[in-house]
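In what follows, chains are A, B, ... by sequence order, proteins preceding strands, each numbered from 1.
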Protein chains: 2
Amino acid sequence: MSSIKKIHHVAIAVTDLQQALVFWQDILGIENSELRDIPQEEAQVAFLPLGESEIELVFPTSNDSGLAKYISKRGAGIHHLCLEVDNLEAMLSRLKQNNIRLINEEPRVDQSGRRYAFIHPESAFGVLVELYEKIP
Amino acid sequence: MSSIKKIHHVAIAVTDLQQALVFWQDILGIENSELRDIPQEEAQVAFLPLGESEIELVFPTSNDSGLAKYISKRGAGIHHLCLEVDNLEAMLSRLKQNNIRLINEEPRVDQSGRRYAFIHPESAFGVLVELYEKIP
């Protein structure tokens, strides 16, 4: 049995990272802990920790990534909601048993070695949901 | 000086509350603590506490509310991001000084007596941001 304990992050697609940081960091006062290039996602990301969660400002560094296409189609705004799960394999099994459409049928691994998978928004009422496995 | 300490909730606009609860509650396993009619917002809301935050599933109960119009235009999905702030008046002053466009220039008060205000998505890079004042 797997369970979800918290919102890990809310990712916001932005068209200008420096301008977005003026709003989120300088005006709202949420400190940016790190600005990182993520070449395999063709994105630059600003991480703004907030309580037990994080706001992530995601800026596309190419014109043909999924993120860039999302922005062309829908405009800037909230891109996805990431939930932290204690057992990703068990959760993915449960989702498949319930005929939930997944973008990643198997866990993917990010730069830090952490495992994640996306649920297709079609099965999540329009929300792109990421599941991020908790580090034990 | 006012500061933001956590994500209070993420509100998700849904077109079928019972079906959305099947996904969020029965399959993902996030318990619904309360289902409430909010007549002044022409909405029915399911509250799903998650760590220090909450997922709110928001269903329009009329066809001409802002929420219903949002769904007609953009479809179901994440509607807004609510941040908890310790001093709403001070935060609204700071936002005005920085020429941030507000939907509510002055705090509004909800059913439980808690004060809140919305920032216009035009000034928040496409995100509808709600500020909710922390109960002292």
Given the rule that I, L, V, M, F, W and Y join up when any side-chain heavy atoms are under 4.5 Å apart, are [X] and [Y] in one cluster?
X: B:Leu95; Y: B:Ile103; result: no
X: A:Ile38; Y: A:Val58; result: yes
X: B:Val45; Y: A:Val127; result: no
X: B:Leu50; Y: B:Phe47; result: no
X: A:Phe118; Y: A:Val10; result: no

Side chain from CB out, backbone as N, CA, C, O: work out which of these in [X] comes under 4.5 Å of a heavy atom of chain B, or both, or neither.
X: A:Ile12; answer: side chain
X: A:Leu83; answer: side chain
X: A:Ile30; answer: side chain
X: A:Ile100; answer: side chain

**Item:** Minimum-distance pair of heavy atoms, taken over all atoms of B:Ile7 and A:Ser53
**Value:**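 Shortest heavy-atom separation between B:Ile7 and A:Ser53 comes out as CD1-CB, 3.8 Å.
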
Quick one: side chains of residues 14-22 of chain B, donor-acceptor pairs under 3.5 Å with protein atoms, not counting sequence neighbours, listed by atom name and distance.
| unit_1 | atom_1 | unit_2 | atom_2 | d |
| --- | --- | --- | --- | --- |
| B:Asp16 | OD1 | B:Gln18 | N | 3.1 |
| B:Asp16 | OD1 | B:Gln19 | N | 2.9 |

**Request:** Heavy-atom pairs under 4.5 Å with chain A are the metric here; pick the option from B:Glu84, B:Gln97, B:Lys6, B:His80 that has the most.
**Result:**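 Highest number of heavy-atom pairs under 4.5 Å: B:Lys6.
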
**Item:** B:Val85, part contacting chain A, at a heavy-atom distance under 4.5 Å
**Value:**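 For B:Val85, there is no contact with chain A at all, as no heavy atom is under 4.5 Å.
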
**Prompt:** Is it the side chain or the backbone of B:Leu57 that comes within 4.5 Å of chain A heavy atoms, both, or neither?
**Reply:**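 Answer is neither: B:Leu57 stays 4.5 Å or more from chain A.
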
**Prompt:** Can you tell me how far the CE atom of A:Met91 sits from the CG atom of B:Leu28, to the nearest 0.5 Å?
**Reply:**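 If I round to the nearest 0.5 Å, the distance is 5.5 Å.
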
**Message:** Once rounded to the nearest 0.5 Å, what's the spacing between atom CD1 of A:Ile78 and atom CD1 of B:Ile78?
**Reply:**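 Rounded to the nearest 0.5 Å, the CD1-CD1 separation comes to 5.0 Å.
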
**Request:** Could you please spell out the steps behind the side chain to side chain contact (heavy atoms under 4.5 Å, CB included) verdict for B:Phe23 and A:Ile119?
**Result:** CA-CA 11 Å; B:Phe23 174 72; A:Ile119 301 173; 4.0 Å; yes

**Request:** For A:Asn63, look at atom CG and say whether over 12 heavy atoms of other residues, nucleotides or ligands are found less than 6.0 Å away.
**Result:**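 It does not: A:Asn63 CG has 12 such atoms or fewer within range.
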
**Request:** Report the C-alpha separation of B:Ile4 and A:Trp24 in whole Å, then their side-chain angles, then the decisive distance to 0.1 Å, and conclude whether the side chain to side chain contact (heavy atoms under 4.5 Å, CB included) test is met.
**Result:** CA-CA 11 Å; B:Ile4 292 171; A:Trp24 289 95; over 6 Å; no

**Request:** Against chain B, work out which of A:Leu81, A:Asp26, A:Ile55, A:Leu128 has the most heavy-atom pairs shorter than 4.5 Å and name it.
**Result:**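 Option with the greatest count: A:Leu81.
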
